[in-house]
Amino acid sequence: MSAVRMSAVAAAGVVVAVTAVTGCAEKADGKASDAITVTATDSTCEVSRTTFPAGHVQLAVENKGSKVTEVYVYTPSDQIVTERENIGPGTKATITAEIKAGTYQIACKPGMKGDGIRQKITVTGKGAAKGDARLDAAVAAYRTYVQEQADQTVPVVQQFADAVKAGDVEKAKSLFAPSRVGWERTEPVAESFGDIDPLTDTREDGLEDGQKWTGWHRLEKSLWQDKKAGPEEGALADQLVSDLKDWQTRVGKADITATSMANGAKELLDEVATGKITGEEDRYSHTDLSDFDANVEGALKAYELLKPVAAENDAALTAELDKQFPALTALLDKYRKSGGSTEFVSYDTVGKDQRKELSDAVNALAEPLSKLAAAVAK
């Protein structure tokens, strides 16, 4: 899903569910004294300090506007350092991140669209955080994991593209969900580059003014709604392969830290809450549960790698996560087509009460998961 994952109207429609899922987002009733405060409205983005030391940084975000907002920290080249999405009106979110010395921009995005309202910030010093060999090993292992996911994705996307170009609609349909698994497992890393995600994973209602619609969801609409795979779709399929090969070559160079892994795990749960639970993500194919499963798998991988340090710093937190991850996985397993299958039932067959049950399980996991970054940064 792209950085403009849902329209402002759609976002407003799910604000109650999103606020519950964001964990750290709760009614604003105070802030940490050592945090940099970010106050967002529908027209402003105020930062309490525009210069601060490098290292582990805590951003205390408060949304005083009437629209759901997002907050990003960008490098000068618009690479995402950290982010928090779906911050509802009147709510607060705390973001813990490791930021190196340099110049950046903090952006608030009311309505979760556009480039955002930006403030320049300067991060000073070396920021030599206390070293932990276990976290270094976790980052190295996760970097290997995201590269493996990209390497495994591109061949499947090529098969999907070949089916589209051959005009084989049914075969292309069968490959659509499998082609997305690796991307969905590691989506926060893919999104951090800024330019690849809008090309590959934007929905029609998430397009910016003047943006051409390309990528998976454009092809999804052609295959399921229009029931066609002609020359135009073939060209789009080739572009999708090219864009994902770009991702494959760049993903190993992504800026990954222990806190970005933890925040990314939380973002994957937010992806589930705002796109998969609502059925908006794969609205034509109804393959949302496959994406849902991949998001959870990716979050679990990051957590497992960080768990040794998190358990030492906050045993109660890891005990809760060790309970909630299996609970959500077991619930998802009920919707597999057969035991151990990677295929799921069509999401349009999942009723309102069943979706509520899934949503509750996501909420129960997302709340403690939102505290993981702080646990590894202690």
Side-chain angles (χ1 to χ4, degrees), residues 1 145 148-164 166-187 200-201 203 215-229 233 237 240 244 268-269 271-301 304 324-366:
M1 194 185 300
Y145 173 73
E148 288 173 346
Q149 294 305 307
D151 292 345
Q152 292 166 13
T153 295
V154 169
V156 185
V157 174
Q158 184 65 67
Q159 294 174 33
F160 170 67
D162 289 345
V164 171
D168 191 338
V169 171
E170 292 308 312
K171 184 176 181 180
K173 283 182 176 182
S174 73
L175 289 165
F176 175 76
S179 76
R180 292 173 53 76
V181 170
W183 173 275
E184 291 290 334
R185 285 173 177 158
T186 60
E187 193 165 2
T200 59
D201 203 25
R203 300 197 316 255
W216 270 300
H217 296 300
R218 169 64 179 82
L219 290 165
E220 179 196 10
K221 183 179 182 182
S222 289
L223 294 169
W224 270 271
Q225 180 171 291
D226 303 333
K227 298 179 173 55
K228 68 173 185 175
E233 286 72 29
L240 178 63
L244 290 172
L268 285 169
L269 266 290
E271 291 280 349
V272 173
T274 59
K276 283 69 174 183
I277 291 293
T278 61
E280 294 177 79
E281 177 76 356
D282 301 316
R283 61 188 63 175
Y284 307 107
S285 63
H286 306 298
T287 55
D288 305 85
L289 288 172
S290 176
D291 287 0
F292 186 148
D293 184 57
N295 286 159
V296 174
E297 287 178 341
L300 177 60
K301 179 66 175 182
E304 287 175 338
Q324 298 301 339
F325 265 114
L328 180 55
T329 300
L331 188 57
L332 266 172
D333 286 344
K334 292 168 55 176
Y335 299 97
R336 295 185 189 274
K337 287 190 174 180
S338 60
S341 173
T342 58
E343 292 186 71
F344 290 83
V345 301
S346 180
Y347 196 56
D348 60 348
T349 67
V350 179
K352 181 178 179 181
D353 290 344
Q354 294 169 307
R355 294 188 186 199
K356 175 64 164 56
E357 184 181 27
L358 286 165
S359 179
D360 288 345
V362 171
N363 293 347
L365 173 58

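As the structure is a prediction and not an experimental result, all values here were calculated from the model. All heavy atoms count here, side chains included; hydrogens, waters and symmetry mates do not. Nothing fancy with the numbering, it's 1 onward along the sequence.
Donor-acceptor pairing under 3.5 Å is lacking for the side chains of R355 and S359. In summary, the side chains of Q149 and T186 do not present any donor paired with an acceptor at a separation below 3.5 Å, with no hydrogens or angles considered.
Y335 places none of its side-chain heavy atoms less than 4.5 Å from the side chain of T349. Using a 4.5 Å heavy-atom cutoff, the side chains of E281 and H217 are in contact. Annotation: side chain of K334 is not in contact with side chain of Q354 (no heavy-atom distance under 4.5 Å). Annotation: side chain of L269 is in contact with side chain of L328 (closest heavy-atom distance under 4.5 Å). K173 has its side chain out of reach of L175: every pair of non-hydrogen atoms, C-beta onward, lies at least 4.5 Å apart. Taking 4.5 Å as the limit, every side-chain heavy atom of V156 sits out of range of all side-chain heavy atoms of V181.
Under the 6.0 Å distance and 45° angle rule, K276 does not count as a cation-pi partner of F292.
Counted within 6.0 Å of NZ on K171, heavy atoms from surrounding residues, nucleotides or ligands total 12 or fewer; the atom is thus considered open.
Listed by chain and number, the residues in a salt bridge (Lys or Arg N to Asp or Glu O under 4.0 Å) with E304 amount to none (sequence neighbours excluded). Scanning for salt bridge (Lys or Arg N to Asp or Glu O under 4.0 Å) contacts around R336 gives D293, D333, with sequence neighbours left out.
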Apply the test side chain to side chain contact (heavy atoms under 4.5 Å, CB included) to residues F160 and L219: give CA-CA distance (whole Å), side-chain angles for both, the deciding distance (0.1 Å), then the verdict.
CA-CA 10 Å; F160 170 67; L219 290 165; 3.8 Å; yes
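R185 contributes no side-chain N or O that, together with a main-chain N or O of G182, makes up a donor-acceptor pair within less than 3.5 Å. Remark: side-chain polar atoms of D288 are paired, donor with acceptor, to backbone N or O of D282 under 3.5 angstrom. Side-chain N or O atoms of Y347 include one that pairs as donor or acceptor with a backbone N or O of I277 at under 3.5 Å.
Taking a cutoff of 4.0 Å between a charged side-chain nitrogen and a carboxylate oxygen, E220 and R180 do not qualify as a salt bridge. A salt bridge does not link K301 to E148: none of the charged nitrogens lies less than 4.0 Å from a carboxylate oxygen.
Interatomic distance, R203 CZ to Y284 OH, rounded to the nearest 0.5 Å: 9.5 Å. The OG1 atom of T287 sits 11.0 Å away from the CD atom of E343 when rounded to the nearest 0.5 Å. Expressed to the nearest 0.5 Å, how far CD of E297 lies from CD of E184 amounts to 11.5 Å. Atom CG of L332 sits about 6.5 Å away from atom CG of L289, to the nearest 0.5 Å. How far CG of L240 is from CH2 of W216: 5.5 Å, rounded to the nearest 0.5 Å. Rounded to the nearest 0.5 Å, atoms CG (D348) and NE2 (H286) are 4.0 Å apart.
Contact record, A299 with L268: N-CD1, 3.4 Å, taken as the closest heavy-atom pair. Across S285 and F176, no two heavy atoms sit closer than the pair OG-CE2, 3.5 Å. The two residues V164 and A229 have their closest heavy-atom pair at O-CB, 3.5 Å.
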